[in-house]
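I have placed the structure first, in the form of structure tokens, so that the comments after it can refer back to it.
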Amino acid sequence: MTEGVAGRDGSGTIAPEDIRAQLDRVLASDIFRSAPQLTAFLSYVVEQALAGRAAELKGYTIAVEAFGRPPEFDPQSDPIVRVEAGRLRKALNLYFAAEGVRDPVRIAIPVGAYVPSFTRQGFAEPEAATASLEPAQPAAAAGRRWRAWAYAVAALVVTGAIAFVAWRQAGTGPELSVAVASGEMLAPRPATPNAPDQSSSAQPPEPVASPASLPVIAVVIAGDIVDPAVEDAARLFMRHLVDTMARFDDLLVVKSRGTALRPEEGADYILTLNTSRAGDKIEGFVRLSAARDGRVVWTTSGARSLAAVSDGTELRELAQGVAIRLAQPFGVLHADFRLATLPPGVGCIYMALNFRRHMKADDHLAARNCLDALVARDPDFHPAWSHLALLTADEYAAGLNARSGSPLDRALAAAVTAVRLAPASARAHQALMEAQFLRGMTEEALKSGREAMARNPYDPDIMADLGARYVQLDRAAEGLPLLERAAALSNGRPSWYDVFLYFAAYLTGANKLAESQASLIKAEETPLALVARAVASAAAGDRDGLEEAMRMLGQTEPLFALDARLFLARKGFSPPVIDRILAAIGQVGLQLR
């Protein structure tokens, strides 16, 4: 059990829960919500201090464990920790000079060290910290007036620095390894989110006693293999398959040999490889079955010559192909989950994925309410924060199920929480990209997207998302290959993959590809698909098709008819791309604002 920490003011110890509550307030502030690097730094040093490991807070350990630098990191040649420590001290000073001026505990990083200090400030914790939805009381109003006075005094000194700290690029560095399970905790428990809308018709499910969990896939090699060449090939195949599947760490957990228990123990699915030798060929059979009742979910088989697999390249590609087909969003496992009784938590994740497939308002509301309830009862379950951030970004971009407060702020806070809980999670970095992109932080967003790709280069959803952002930024030549690969890998893909692939082809002048993609989205009726259909019809001189797409857009998206430029800007399209789209539609005489 963690003991209290002695305060620097000499007033006795400060309880760890009070320090963690103060940390949550700091990290939820405007200054820190847009700075993941500072968030990771502060969370790490505070938790280490509370765990009694303050003596280990050196530049090297912070760089490796908080920022993900490799073990060979040299603090003398790379000053990242010193630079970020300076930024962190400035950000903390700004926070406690303004927004946190009446907070009960002050956190500081003394100059010349990385060990945080904690001081009682002598103020009672305000009622507003409980995120109550009750009307403000007179005392709270007085506190706001007091804080407003403090802001006015400090404004000339800190305004410019606040903007610099809040909006400066702050990405996270690479991790040492890929997390197979739910990610490594480097941070305290995140703050409880706003309560779900009580007036909505789609209510969250009843809370459950057991903690949230992801489905477990046990990977096994069947039988005893007596041929050394076959055994080597089987083990290499399984090694690549496990490594690839484990990258999808927001959707499943992979178990393989190496534990005291058989990998099948506690699994939801069993993935079995059978191999045999037939002359100079190796035959392989892969079967996915439900652990509870043995139901066969999916099978595949193939044969390769020993010469073809001797260097390992072909085996690696085969294993990665199988893993992607199974584990990707909208893949084999996703399809089976729709028919299965899902473990606690994962049902909300797949509700969120289903929304991304169809983009329906009711699905969005049900998934968001489900995730709200989930993070309220299990705030350390990082996949929920990632998908909640993506849904909240869609609340803004698609105008779905708006609730009070800024959806962009809520999306960014949820994404930062996901990254803080699971720095190795590709989905967390994808969510951060979405939140940053819609806030206009384009370079930071692209950096987060590339980080997500580096952590899971096999996820078509991340490829398509990053490719779409390049298209929207008028960098379609960079987005086109990502979108083409995403479409090739994902047979059950959502229509927005094809929509953005059409835009990429159209903007780069790849006319044959554009025509092919236009035929794929001809029946799609999501707002962006209708915009793409309008552009395609205009390019083909099809006035009837153009007018039909515009009529449907006017019915489903009144904002487009009122101000098409604003509609597209809200979706994230840059002015040059908006100009191209509106000019294409206008070529057949349709006048748009």
Side-chain angles (χ1 to χ4, degrees), residues 178 180-181 214-223 225 229-258 263-264 267-278 281-291 294-306 308-340 350 353 426-427 453 455-464 484-493:
V178 175
V180 172
L214 293 171
V216 177
I217 316 299
V219 180
V220 298
I221 298 175
I225 304 175
V230 175
E231 182 178 19
D232 289 345
R235 295 193 181 282
L236 182 59
F237 180 90
M238 278 305 197
R239 191 179 311 139
H240 288 306
L241 185 141
V242 168
D243 176 72
T244 304
M245 291 185 71
R247 309 291 183 110
F248 297 87
D249 66 342
D250 67 314
L251 303 178
L252 52 86
V253 176
V254 180
K255 288 179 64 177
S256 60
R257 296 183 62 183
E264 301 94 320
D268 298 290
Y269 292 90
I270 301 174
L271 185 66
T272 306
L273 171 66
N274 284 274
T275 55
S276 61
R277 182 167 180 172
K281 291 185 176 181
I282 297 179
E283 295 180 337
F285 303 85
V286 179
R287 181 178 63 195
L288 180 71
S289 58
R295 174 176 54 88
V296 176
V297 176
W298 177 84
T299 65
T300 189
S301 62
R304 293 292 186 276
S305 68
L306 283 172
V309 301
S310 60
D311 66 351
T313 302
E314 188 165 351
L315 271 181
R316 183 183 69 246
E317 292 175 352
L318 286 169
Q320 290 172 348
V322 170
I324 293 168
R325 189 169 180 184
L326 289 171
Q328 64 171 289
F330 321 113
V332 171
L333 283 166
H334 176 96
D336 193 66
F337 289 152
R338 294 199 299 268
L339 307 174
Y350 282 89
L353 285 175
R427 193 77 61 215
M453 279 285 297
R455 296 183 183 282
N456 188 355
Y458 314 112
D459 189 336
D461 203 62
I462 294 174
M463 293 176 204
E484 285 186 302
R485 176 157 173 75
L489 288 175
S490 182
N491 293 327
R493 62 187 180 271

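Just the heavy atoms: all of them, side chains too, but no hydrogens, waters or symmetry mates, feed the values below. Just so you know, residue 1 is the first one in the sequence shown, and it goes up from there.
Side chains of Asp461 and Phe330 form a contact here, defined as non-hydrogen atoms less than 4.5 Å apart. A 4.5 Å side-chain heavy-atom check between Leu489 and Met463 finds at least one atom pair inside the cut-off. Side-chain contact between Ile282 and Leu306 is present, with at least one heavy-atom pair separated by less than 4.5 Å. Taking 4.5 Å as the limit, every side-chain heavy atom of Thr299 sits out of range of all side-chain heavy atoms of Phe285. Looking at Val322 and Trp298, their side chains come closer than 4.5 Å, going by heavy atoms from C-beta outward.
In plain terms, the two heavy atoms of Ala218 and Ala267 that are nearest each other are CB-CB, 3.7 Å. Heavy-atom minimum distance, Pro460 versus Ala486: O-CB, 3.4 Å. Here the closest heavy-atom approach between residue Leu214 and residue Asp268 is recorded as O-OD2, 4.2 Å. Closest approach of Leu252 to Leu333, counting heavy atoms only: CD2-CD1, 3.6 Å. Heavy-atom minimum distance, Ser276 versus Val230: N-CG1, 4.4 Å. The minimum heavy-atom distance between Ile462 and Ala426, with the atom names listed, is CD1-CB, 3.6 Å.
We find the CG-CE distance between Leu271 and Met238 to be 5.5 Å, quoted to the nearest 0.5 Å. In this structure, CZ in Arg427 is found 7.0 Å from CG in Asn456, a value given to the nearest 0.5 Å. Atom CG of Leu326 sits about 11.0 Å away from atom CG of Asp336, to the nearest 0.5 Å. Going from atom CZ of Arg316 over to atom OG1 of Thr244 covers 9.5 Å, rounded to the nearest 0.5 Å. Between the OG atom in Ser490 and the CG atom in Asp459 there is a gap of 9.0 Å [rounded to 0.5 Å]. Atoms CD and CZ, from Glu317 and Phe237 in turn, are 12.0 Å apart once rounded to the nearest 0.5 Å.
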(request) Run the numbers on Phe248 and Gln328 for side chain to side chain contact (heavy atoms under 4.5 Å, CB included), then give the verdict. (result) CA-CA 7 Å; Phe248 297 87; Gln328 64 171 289; 4.2 Å; yes
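The aromatic rings of Phe337 and Tyr350 sit perpendicular to each other, their planes meeting at more than 60°, with 30° as the lower class boundary.
The backbone N or O of Ala487 lies less than 3.5 Å from a partner atom in the side chain of Arg493, making a donor-acceptor pair.
Exactly one residue among Thr275, Leu273, Asn274 makes a side chain to side chain contact (heavy atoms under 4.5 Å, CB included) with Val286. That residue is Leu273.
In Arg485, the CZ atom is not crowded: 12 or fewer heavy atoms of neighbouring residues, nucleotides or ligands sit closer than 6.0 Å.
Using a cutoff of 4.0 Å between basic side-chain nitrogens and carboxylate oxygens, Arg247 and Asp243 are scored as salt-bridged.
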